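Reviewing the structure listed below.
Remember, predicted model here, so these are calculated numbers, not experimental data. Because only heavy atoms are used, hydrogens play no part in the values below, and waters and symmetry mates are left out as well, while side chains stay in.
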Amino acid sequence: MQFPGRRKKVIGSSQNDLYDHCLQFYGQPPLENISLTEFETFAVERLKLLKSVENIGVSYVKNSEQYVKKLDAEFSSLNFPLRTELGDRRVQGGTSEYEKRRKDHISHFILRLAYCQTEDLRRWFIQQEMDLFRYRFGELTSKHKTDFLHKNNLKYETVSAEEKKSLKDKLITSSYGLSGITVEEYDFYKVPFQDALDLVRTRKVYLLAGNAYIPHHEIVTIVLNDFRTRLSKALAMTARSLPAVQSDERLQPLLSHLSHAYVGQDYSIQKNMGKISLEQIDALSGKSFPLCMRHLHKALRENHHLRHGGRMQYGLFLKGIGLTLDQALQFWRSEFVKGKVDADKFDKAYAYSVRHMFGKEGKRTDYTPYSCMKVILSNPPSQGDYHGCPFRHSDPELLKQKLQNYKVSPSGINQLLPMLAEILELVKGMHYQLACQKYFELTHNVEDAGFSLNHPNQYFTESQKLLGGGLEIKKEVDMSQRSQENPANMTRPSQANSKQAHEEMGDLDSFFQDE
Amino acid sequence: MPTSDYDPACLPDLLPLYYRRLFPFSQYYRWLSYGGVSKNYFQNREFSFTLKDDIYVRYQSFTTQNELEKEMQKMVPYKIDIGAVYSHRPSQHNAVKSGTFQALEKELVFDIDMTDYDDVRRCCSAADICSKCWTLMTIAIRILDRALREDFGFHHLLWVYSGRRGVHCWVCDDAARKLSVAARSAVAEYLSLIKGGEETVRKVVLSDPIHPFINHSLSVVERYFCQYAIVEQDILGSKESVDKVLALLPEDILSFPVVLGAQLTVISLSLTYFDKEIMLQYCYPRLDVNVSKGVNHLLKSPFSIHPKTGRISVPIDLKELNTFDPFEVPTISLICEELERPRADEAEDDDVKDKENEQEAGERRRIRDYKRTSLAKYVKVFDRFLEAMARSRKGEMLQKSDLQKDF
């Protein structure tokens, strides 16, 4: 493969040296020729792997036993290298370890091409590659870890024995699992805090005068930081040489397909633009909004205000379900005006940010509605905020109360308690999206949601599908006229769920003008 | 009372006077130039102004101190915010190829806002503050100042009163200005102990082992807790407020809060840290991570006016922190009034003025001017801060030249 514009380092040693460790930093691009078929297969398989890394990471605590087991399984089935030695020929007739490492190397670089183009893609790619690296490094033996550090010239400053002695108590209380003895015996590394951000962020390390004191077993975090920095720089460089690569007609469609495929539907293209009327929102919030949006909507109605985080999360969701810019402006203005904001102030201060959401201001980015991952992982709510994921960010007690309040239908009460318990278990185990799926099943009275939840707008679409046979509804003005003229033409709920759904349909009467 | 009654309607008259004769431009310029070590540091800095009628303008930048003065005197901003140092002059950002105009550096900043404590203060709410809840700011400053200096190794911190209900911290070290978004967010999270919004009752959860940072913070909180929470906020004074305290305890614990000596102690049957958690929930600083995270985030400038209160955003002298009173901070109306008071030796100085060139004279006049007002002592605090940075820069340069054997 040619990577035009990139400096090519001369590899003096033989091919065996290149892959003599099962883990690598991807410092040097591959220099061989491969077929287009291999190019595509490698890329797609790595993509599947990264996507699994993402999903498993949301469903299980990272680096817990289950997490590791699940990832191990993925690795085997997709033929990526684990921790065996190069010379190991245990696998008969399967891919050799050497082959796996080669695939690891090449596929990483191919995906760089596909994922270097936008900030979002880069962020996603870096996040998954880091999680992947962390998992693989964690699985190495101590010797292999040290080997890796040496091979990659990673030298970190060790803390002297006297310093360790004087700081002993502080070191013990700042890192998990350390005692007086271990402090004396173990190596500690002193690195500038900027190189140990993950440990600093979670307060898992002792800080003094700008330095973080890292016990040996936490060295992976430092290595990861290094990894992230290098990968970030590399991606920026790749982006610059991309035009040359994209001009190759054979590669362009493949790369484009890759970067659009597995990051999931982003609901930025509003298929249903203008099909929802503002009057429907209250009803819809009870029927088809995921809990987070229902919560935000309620807070907005009650307080006539939402802070920035809430406005973004809810505003973009509304855009995703089909509100037009004008509707959105009307919606927010009418609500804020009921509170402490007069129409004038709204137009000056808040209207700008609504237009911004729709890509009509500033750098005109058409912001995409947040996925569950984004809601769960970024910008946790603080005092005065209503955004976030209730399954992640609410107190279990309050969550329970809320769930009980929201489930109004009498027929569901018997199912309610065990389902609630299940939801709370899922929340405890940190399976927030699964808990929300359970909430979907609870409120829609179905056994199985029938989809794997990872986006609030997906929740809405699936709910509408279930309740009303799709949202092929005409605009508000047409609605009342049409239905009065031709009641027989109204779409009926799909047969499969009609029995259960019918009870739920009660409130939707006014919506459909059914008999 | 040191506050001449302030009326926002007077701003259009007071502001021009303030910018002409009182705003400490030369110190301000000195600050933001950082010794001229980096080329174009001041020129590439973004300012944003809020003008009369809420007109907001971003990407303002200036090439010299003189230009800054002239523009501010011309535009008469009601609010001034400071943003990042960019790769190009912000005022020319449209002329730059898209994608290349980027925020490069900015001070690490923190914003502590009293409204974020509404769930734990009984004396006031929303934009109000009083001497009782101001203690929360004192606690916040002590805790954060120590951590930023001792744990993170920063030296040049400027604490500023926001003008109404909070304080800001500007960490101006070289290393701080160069921090990435990820690093800023990590620092802010390290310093955050209060987690959760409206839906979370118990916002502080401690577990073994207790990190040294938390212990340091607790010792600060404990110093103030009895006087602040038990006496002034009276958190055990009514059934309602006691219930709020008890709500923070885990359900299955049989216990009750008791004041023993200077500490809130919870007598209970199990070993947990909820007495510490309660004290932290009531007193520990609440900072907005989003303010600290962004390199391009705009924050209210020191020495700007707060249009609602008329107060000047003044630097806080940490040596006098215990006696700092936000209600004693001068308002723009006060200092404009003080300006009008005649001085005995004024006649003399006027003669001197005629002999020098106009700009210098203007500056001298202005230096004399703010010195006649209550603003003087705050500019002194700022001067000391700038001196310390200058000394440290000199020290670094000497070190560097020693290393290069450059005598």
Side-chain angles (χ1 to χ4, degrees), chain A residues 167 169-178 192-212 225 228-229 232 239 295 299 303 307-310 340 344-345 348-349 352 362-363 379-388 390 393-395 397-399 402, chain B residues 53-56 58 98-99 101 113 115-120 126 147-155 173 175-176 178-180 182-203 207-215 247 251 286-290 293:
Chain A
L167 296 175
D169 291 327
K170 304 268 167 72
L171 292 175
I172 295 175
T173 50
S174 49
S175 303
Y176 197 74
L178 289 180
F193 81 88
Q194 291 92 329
D195 292 345
L197 292 181
D198 284 331
L199 291 174
V200 170
R201 182 194 313 276
T202 49
R203 225 180 290 116
K204 288 208 174 99
V205 71
Y206 179 62
L207 279 190
L208 184 63
N211 286 316
N225 222 63
R228 187 213 328 251
T229 320
S232 198
H295 185 47
N303 303 320
R307 280 193 178 179
H308 184 257
K340 297 192 197 150
D344 231 22
K345 169 130 194 236
K348 276 184 200 154
Y352 177 91
K363 58 181 188 200
N379 195 17
S382 34
Q383 181 58 33
D385 287 325
Y386 294 90
H387 62 264
H393 297 120
S394 288
D395 250 356
E397 282 310 306
L398 282 171
L399 181 61
K402 209 184 305 191
Chain B
D53 297 326
D54 275 333
I55 298 175
Y56 181 64
R58 269 193 75 172
S98 113
F101 180 69
D113 187 330
T115 22
D116 291 338
Y117 294 80
D118 279 356
D119 59 326
V120 290
L148 289 166
R149 285 180 198 278
E150 291 178 15
D151 295 7
F152 287 98
F154 295 125
H155 299 106
D173 294 55
K178 295 182 153 74
L179 288 177
S180 65
R184 286 164 206 259
S185 137
V187 174
E189 293 201 39
Y190 175 93
L191 298 170
S192 299
L193 283 181
I194 314 274
K195 304 264 155 85
E198 299 292 324
E199 294 301 300
T200 317
V201 175
R202 191 170 150 215
K203 298 188 165 82
S207 52
D208 257 333
I210 304 231
H211 191 278
F213 165 75
I214 300 181
N215 276 324
E251 270 182 359
R286 296 164 181 223
L287 36 95
D288 185 350
V289 177
N290 291 315
K293 224 165 51 171

task: Identify whether NZ of Lys or CZ of Arg in R201(A) sits under 6.0 Å from the centre of the six-membered ring of Y190(B) and within 45° of that ring's axis.
output: no
query: Of the backbone (N, CA, C, O) and the side chain (C-beta and beyond), which part of L197(A) lies under 4.5 Å from a heavy atom of chain B, both, or neither?
result: both
query: Which atoms of H387(A) come close to chain B, meaning under 4.5 Å heavy atom to heavy atom: side chain ones, backbone ones, both, or neither?
result: neither
[X] versus chain A, heavy atoms under 4.5 Å apart: side chain, backbone, both or neither?
| X | value |
| --- | --- |
| L179(B) | side chain |
| V201(B) | both |
| D288(B) | neither |
| L148(B) | neither |
| Y117(B) | neither |

Which one wins on heavy-atom pair count under 4.5 Å against chain A: [options]?
| options | result |
| --- | --- |
| D116(B), L191(B), D54(B), D119(B) | D119(B) |
| P209(B), A188(B), A186(B) | A186(B) |
| D118(B), I194(B), L193(B) | L193(B) |

query: Roughly how far, to the nearest 0.5 Å, is the CZ atom of R203(A) from the NE2 atom of H211(B)?
result: 7.0 Å
message: Can you confirm whether K170(A) is buried at NZ, in the sense that more than 12 heavy atoms of other residues, nucleotides or ligands lie under 6.0 Å from that atom?
response: no
message: If you count every heavy atom of other residues, nucleotides or ligands that lies below 6.0 Å from K293(B) atom NZ, does the total exceed 12?
response: yes
- prompt: Within a strict 4.5 Å, meaning less than it, do heavy atoms of the E189(B) and T202(A) side chains meet?
  reply: no
query: With a 4.5 Å heavy-atom cut-off, do P381(A) and Y386(A) have their side chains touching?
result: no
- request: Return yes if a side-chain donor-acceptor contact under 3.5 Å exists between Q194(A) and K178(B), otherwise no.
  value: no
message: Side chains of N379(A) and N290(B): any donor to acceptor distance under 3.5 Å?
response: yes
Using a cut-off of under 4.5 Å for heavy-atom pairs, which of [options] has the most such pairs with chain B?
| options | result |
| --- | --- |
| S175(A), A209(A), P390(A) | A209(A) |
| G384(A), A349(A), G309(A) | G384(A) |
| D385(A), L399(A), L199(A) | D385(A) |

- prompt: Is the side chain of R286(B) donor-acceptor paired with the backbone N or O of S192(B) at a distance under 3.5 Å, no angle test?
  reply: no
